Amino acid sequence: MQNKVVHMEEGKDPVAANRASQTRVLPQRLLHLIVFFLALCLTFSVISIYMIRYFGVNSFVTSVTPTLLSCNKELNTLEQWIKPPSNLMHGMSDEELFWRASFVPRLKKYPFKRVPKVAFMFLTKGPLPLAPLWERFFKGHSGYYSIYIHSLPSFEANFPSSSVFYKRQIPSQVSEWGKMSMCDAERRLIANALLDISNERFVLLSESCIPLHNFTTIHSYITGSKYSFTGAFDDPGPFGRGRYNDHMLPEVAITDWRKGSQWFEVSRQLALYLIQDKKFYPKFEQFCRPACYVDEHYFPTMLTVQAGNLLANRSVTWVDWSRGGAHPATFGRSDITEDFFKRIFEGEKCLYNDQPSSVCSLFARKFSPSALEPLFFLAPKFLGF
């Protein structure tokens, strides 16, 4: 009892003393636990680094490699070579484009089902005012044609995404009538069209052209012909041989000099001749300048020399020169009548695959924008679409 009293007198409560002792022990245990945890983390980090360095990277590469090989195999499928370009706007120069377009399979038999298409190549300054008529013409025949447009570089087309002309412009340059730049534009169209392995025939058209028959008739007529429809005749007069320049010898002799319509149709074989030419081009560029109009002489002469036996020696584009002048007649709204179409179709006679035919013209020009409405109205009756 006395001891107890003494302790209390000294202010030393036993309960409080016990609590103070526990407080000192707890921080020491917590400190040991933290140190242990840090040591464990450090050990785990060292082990992880070791595992990644010697095992993890190898495992990662092993798992990724099959995926890369799979991608490479996918890029080297046949589809890569036969699928036409999804975007016609590219960064190739003419020289690069012609080189790429000149690739030719040596085996004639295709290892896939190839449907021969007709490439419709529009050489224009800008808009296609007769586009609605062409839209109707092409409707329902996807897979049997391709469209290419060469316009002035400054022109921006605004065709809706539903149009057959949507995003069908190719990289273009300024071309001038009667000059070599016009032939350059035509070769540019051909070369871009050759990039599609299914394009078998190539037709040059302008913004003022219309089809004179339905799509099936024109496609069958062109793809079924053993000749290309390019005019190439020997004109002894001042507008034929009179334009010849002796400096074109020895590559071009006057006996080979030919004249023909600018609006041609050629097979794939002849299209390749046109873009591969290095022999005749320099001569025509240098020595056929106005009043020698190179677009009327370069292709007809060159094709006569290289493949004259493959030419039908006529155009399939109807024009009217009866009004005289340097250019054919242009037809507007008031000209488009039933009698007008009868005049085009009646009395046509020509040879098709060496046999007489009454179907000679597949296209016609020149038609102004004002002609669209009556053409659209009369097309079902006279044009078949």
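On a predicted model such as this, the values are computed, not experimentally measured, just so you know.
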Measure from the ring center of Trp177 to the ring center of Tyr293 and say whether it is less than 6.0 Å.
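Trp177 vs Tyr293: aromatic centres under 6.0 Å.
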Would you say the rings of Tyr244 and Phe287 are close, in the sense that their centroids are separated by under 6.0 Å?
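For Phe287 and Tyr244, the ring centres are not under 6.0 Å apart.
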Can Lys117 and Glu200 be counted as an ion pair, charged N to O under 4.0 angstrom?
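Result for this pair is no, no salt bridge flagged.
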Counting only N and O atoms by type, is there a donor-acceptor contact under 3.5 Å from the side chain of Lys342 to the main-chain atoms of Thr337?
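Such a contact is absent between Lys342 side chain and Thr337 backbone.
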Within 45° cone and under 6.0 Å: Arg168 NZ/CZ vs Phe159 ring
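Here Arg168 fails the 6.0 Å and 45° test against Phe159.
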I'd like to know if the side chain of Asp184 pairs up with that of Ser181 as donor and acceptor (distance under 3.5 Å, no hydrogens or angles considered).
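Asp184 vs Ser181: no donor-acceptor pair found between side chains.
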Phe122-Trp263 aromatic ring centre distance below 6.0 Å:
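That pair fails the under 6.0 Å test.
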May I ask you to check whether Thr230 and Ser228 show a side-chain donor-acceptor distance below 3.5 Å?
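Note: Thr230 and Ser228 side chains miss the donor-acceptor criterion.
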Do Arg201 and Glu265 sit within salt-bridge range, that is, some charged N less than 4.0 Å from a carboxylate O?
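Glu265 and Arg201: salt-bridged.
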Ion pair check, Arg188 and Asp94, cut-off under 4.0 Å:
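Between Asp94 and Arg188 there is a salt bridge, with a charged N closer than 4.0 Å to a carboxylate O.
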Between Asn199 and Ser146, a side-chain donor and acceptor under 3.5 Å
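Short answer, yes.
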Where does the angle between the aromatic ring planes of Phe138 and Phe120 fall among parallel (under 30°), tilted (30 to 60°) and perpendicular (over 60°)?
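Taking Phe120 first and then Phe138, their aromatic rings stand perpendicular (interplane angle over 60°).
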Side-chain donor-acceptor pair under 3.5 Å between Asp320 and Ser322, yes or no?
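Present: a donor and an acceptor within the cut-off.
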Centroid-centroid under 6.0 Å between Tyr148 and Phe165 rings:
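They do not qualify: ring centres at least 6.0 Å apart.
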Determine whether the side chains of Asp354 and Tyr227 contain a donor N or O and an acceptor N or O closer than 3.5 Å.
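Yes.
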Is the Phe264 to Phe299 ring centre distance short of 6.0 Å?
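Under 6.0 Å, so yes.
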Quick check on Glu373: does its CD atom have over 12 non-hydrogen neighbours (other residues, nucleotides or ligands) under 6.0 Å away?
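No, not enclosed.
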Around atom CZ of Phe239, are there more than 12 heavy atoms from other residues, nucleotides or ligands closer than 6.0 Å?
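No.
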Evaluate the ring planes of Phe345 and Phe341, with Trp represented by its six-membered ring, and classify them as parallel (under 30°), tilted (30 to 60°) or perpendicular (over 60°).
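Parallel: the ring planes of Phe345 and Phe341 meet at under 30°.
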Give a yes or no on this: more than 12 heavy atoms of other residues, nucleotides or ligands lie within 6.0 Å of atom NZ of Lys226.
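Atom NZ in Lys226 is crowded, with more than 12 foreign heavy atoms closer than 6.0 Å.
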Which of these passes side-chain hydrogen bond (donor to acceptor under 3.5 Å, both in side chains) with His297: Lys259, Arg258, Arg243?
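Of Lys259, Arg258, Arg243, side-chain hydrogen bond (donor to acceptor under 3.5 Å, both in side chains) with His297 is met by Arg243 alone.
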Just by distance, do the side chain of Tyr352 and the backbone of Tyr221 share a donor-acceptor pair under 3.5 Å?
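Yes.
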Ring centroids only, cut at 6.0 angstrom: are Phe340 and Phe331 within range, meaning strictly under it?
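Between Phe340 and Phe331, the centre distance is under 6.0 Å.
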Inspect the surroundings of CD in Glu348 and state if more than 12 heavy atoms from other residues, nucleotides or ligands are less than 6.0 Å away.
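More than 12 heavy atoms, drawn from other residues, nucleotides or ligands, come within 6.0 Å of this atom.
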Got a sec: does the NZ of Lys179 have more than 12 other heavy atoms crowding it under 6.0 Å?
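No.
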Above 12 or not: heavy atoms from other molecules or residues under 6.0 Å from CZ of Phe112?
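Yes.
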As a quick check of understanding, evaluate side chain to side chain contact (heavy atoms under 4.5 Å, CB included) for Phe376 and Leu130, giving each step before the final call.
CA-CA 9 Å; Phe376 210 77; Leu130 304 177; over 6 Å; no
Does a donor on one side chain and an acceptor on the other come within less than 3.5 Å for Glu156 and Gln169?
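Their side chains do not contain a donor-acceptor pair, so the 3.5 Å distance test is not met.
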First locate atom OH of Tyr145, then atom OG of Ser198, and finally report the distance between them rounded to the nearest 0.5 Å.
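It is 14.5 Å, given to the nearest 0.5 Å.
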Side chains of His90 and Asn192: do they bring a donor and an acceptor to under 3.5 Å?
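Judged by distance alone, the side chains do pair up.
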Cationic N near anionic O, under 4.0 Å, Glu251 to Lys279:
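A salt bridge is absent here (no side-chain N lies under 4.0 Å from a carboxylate O).
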